[in-house]
Q: 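Got a structure for you, written out below as C-alpha cells; questions coming shortly.
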Amino acid sequence: MESNFPATLRFIRGKISVRIFAKRCGISPSSLQRYEKGEVSPNLRTMERMAKKLDIKPEIFTGGEDLKIISAKDLERLRRKAEGPGVKK
C-alpha cells in the first residue's frame, strides 16, 4: 500500500499552527513544512518518534492504517493533544 504521508500529516494537523504541531511532534517547523509539501520524507525513526509523541500508530503514516477508521472523536482528541494545554484557537 502506498503511503501519502504529506496529506496524512496535513489532515492530522488540521488548523493547528505549524509551529505548535511541529513542537508536539518533536521536529522543526521547517521540517514539518517540507514533509507536508512532499519535498522530503522523514526516516522511519523520525516517523516512529512523531507517532509516539502524537499517541498514534506509526502505521497511519506509512499507509498500514486507514485514516477513515479514526473516529471523529479520536481525531479531535489527537488534535487537542497536539495543540497542547493553554493554546488558544
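Note that this is a predicted model, so its numbers are computed, not measured.
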Q: Name all pairs fulfilling the salt bridge (Lys or Arg N to Asp or Glu O under 4.0 Å) condition that reach into residues 6-17, sequence neighbours left out, sorted by first residue then second.
A: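 Checked against salt bridge (Lys or Arg N to Asp or Glu O under 4.0 Å) - neighbours excluded - the pairs reaching residues 6-17 are Arg13-Glu36.
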
Q: Do Phe21 and Leu54 have side chains that get closer than 4.5 Å, going by heavy atoms?
A: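 Of all side-chain heavy-atom pairs linking Leu54 with Phe21, at least one is under 4.5 Å.
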
Q: List in chain and number order the residues that pass salt bridge (charged side-chain N to carboxylate O under 4.0 Å, His left out) with Arg19, two or more places apart in sequence or in another chain; answer none if no residue qualifies.
A: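 Checked Arg19 against salt bridge (charged side-chain N to carboxylate O under 4.0 Å, His left out); zero matches.
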
Q: Treating Thr8 as the side-chain partner and Asn4 as the backbone partner, does any N or O pair qualify as donor plus acceptor under 3.5 Å?
A: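 Judged by distance alone, yes, a pair lies under 3.5 Å.
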
Q: How about Ile60 and Ile12: do any of their side-chain heavy atoms sit closer than 4.5 Å?
A: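 Touching, per the 4.5 Å side-chain cut-off.
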
Q: My understanding is that only residues two or more places apart in sequence, or in another chain, count here; which of them pass side chain to side chain contact (heavy atoms under 4.5 Å, CB included) with Gln33?
A: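 By the side chain to side chain contact (heavy atoms under 4.5 Å, CB included) rule, Gln33 matches Val18.
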
Q: For side chain to side chain contact (heavy atoms under 4.5 Å, CB included), just list the numbers for Arg24 and Ile16, CA-CA rounded to whole Å, side-chain angles, deciding distance to a tenth of an Å, and then say yes or no.
A: CA-CA 11 Å; Arg24 297 291 182 223; Ile16 300 168; over 6 Å; no

Q: Mind listing the side-chain donor-acceptor pairs of residues 38-48 below 3.5 Å, one per line with the distance, residues two or more places apart or on another chain?
A:
from, atom 1, to, atom 2, distance (Å)
Asn43, OD1, Arg45, N, 3.2
Asn43, OD1, Thr46, N, 2.7
Asn43, OD1, Thr46, OG1, 2.9

Q: Rounded to the nearest 0.5 Å, what's the gap from OG on Ser30 to OH on Tyr35? Could you check?
A: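 OH of Tyr35 is found 9.0 Å from OG of Ser30.
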
Q: Which atom names give the shortest non-hydrogen contact between Lys57 and Ala51, and what distance separates them?
A: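 Here Lys57 and Ala51 meet closest at C-CB, 4.1 Å.
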
Q: Measure the shortest side-chain to side-chain distance between Met50 and Ile56 over non-hydrogen atoms and say whether it is less than 4.5 angstrom.
A: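 SC-SC contact between Met50 and Ile56 ruled out.
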
